[in-house]
Amino acid sequence: MFARRFRTLFSAATAAVVLAGTAALAPLPADAAITVVLSGIQYDPPGADTRTNAQLNNEFFTVRNISSRPINLSGFRVLDAANHLFVFPRGYVLPGRSTVIVRTGKNRNRALTLYWNQSWYIWNNTGDTARFQTPAGKTFDTCTYKAVTGRYRVGC
């Protein structure tokens, strides 16, 4: 009787270890894969810093969906080093293999162009860092740049 009880306990323990090992090695769900990335920042628009809406809209950052499937970016966030915060609007879906431009100034949002609705420049001409975060605030991509003479845009 002891041997049979020991075998049962041993089998149950072995099964638990095997299952735990299998769970640890299982691939992450497809939704967990990072398929959207910061792809660029236009940090110093050409011309004088006049702070007109047209000039503010020449400052922007871009986000690229590198997968072939659409990604719901509702609530995802982008912040600079000074914590200026852009939040993707509710229901915003970025199509597969597409890039959205987020312009600093004001206008009406379109499918692949969004507006931050700011009245002052966000991205520092001397250098800055963009952080791309989940709605819960977890950073999963960053882009840092330093000013380079004659260069006003950086690819991330």
Handout entry: More than 12 heavy atoms of other groups within 6.0 Å of R90 CZ
Key = no

Problem - Under 3.5 Å donor-acceptor, Y152 side chain and A147 backbone - result: no

Exercise for the section: Decide whether Y145 and Y121 are clustered together by the hydrophobic rule: side chain heavy atoms of Ile, Leu, Val, Met, Phe, Trp, Tyr closer than 4.5 Å, transitively. Expected result: no

Problem - ILVMFWY network linking Y92 to V36, side-chain heavy atoms under 4.5 angstrom - result: yes

Practice task
Measure the acute angle between the ring planes of F88 and F132, then classify it against the limits of 30° and 60° as parallel, tilted or perpendicular.
Solution key: tilted

Problem - Selection residues 53-156 - residue pairs positive for disulfide (SG to SG under 2.5 Å), sequence neighbours left out - result: C143-C156

Problem - Reported CZ-to-NZ distance for the pair F76 and K138, which is rounded to 0.5 angstrom - result: 11.0 Å

Completion exercise
So CG of L79 and CG of D128: to nearest 0.5 Å the spacing works out to 10.5 Å

Completion exercise
CG of L114 to CG of N107, rounded to nearest 0.5 Å, is 11.0 Å

Practice task
Check Q55, E59, Q118 against T104 for a side-chain hydrogen bond (donor to acceptor under 3.5 Å, both in side chains) and give me the one that passes.
Solution key: E59

Fill in the blank from the handout: In this structure, CG of D49 is separated from CG of D44 (nearest 0.5 Å) by 5.5 Å

Problem - Test item: side-chain donor near acceptor, N72 and S74, under 3.5 Å - result: yes

Problem - Within-4.5 Å side-chain heavy-atom neighbours: Y43 and N124 - result: no

Exercise for the section: Look only at the side chain of W116 and the backbone of L85, and say whether a donor-acceptor pair between them is shorter than 3.5 Å. Expected result: yes

Problem - Any donor-acceptor N or O pair under 3.5 Å, side chains T99, R64 - result: yes

Exercise for the section: Keeping the roles fixed (side chain from N65, backbone from S98), state whether a donor-acceptor pair exists under 3.5 Å. Expected result: no

Handout entry: Linked, directly or transitively: I66 and L112 (ILVMFWY side chains, under 4.5 Å)
Key = no

Handout entry: same_hphob_cluster(L56, V78) at 4.5 Å side-chain heavy-atom cutoff
Key = no

Handout entry: Atom of P46, atom of Q42 and distance for their closest heavy-atom approach
Key = CD-NE2, 4.0 Å

Completion exercise
Output for pair (D141 CG, R131 CZ), nearest 0.5 Å, gives 12.5 Å

Exercise for the section: Nearest 0.5 Å please: distance from the CZ atom of R103 over to the OG1 atom of T62. Expected result: 10.5 Å

Exercise for the section: Decide whether I41 and L38 are clustered together by the hydrophobic rule: side chain heavy atoms of Ile, Leu, Val, Met, Phe, Trp, Tyr closer than 4.5 Å, transitively. Expected result: yes

Exercise for the section: Only counting residues at least two apart or in another chain, list the ones meeting ring pair (Phe, Tyr, Trp, His ring centres under 6.0 Å) with F60. Expected result: none

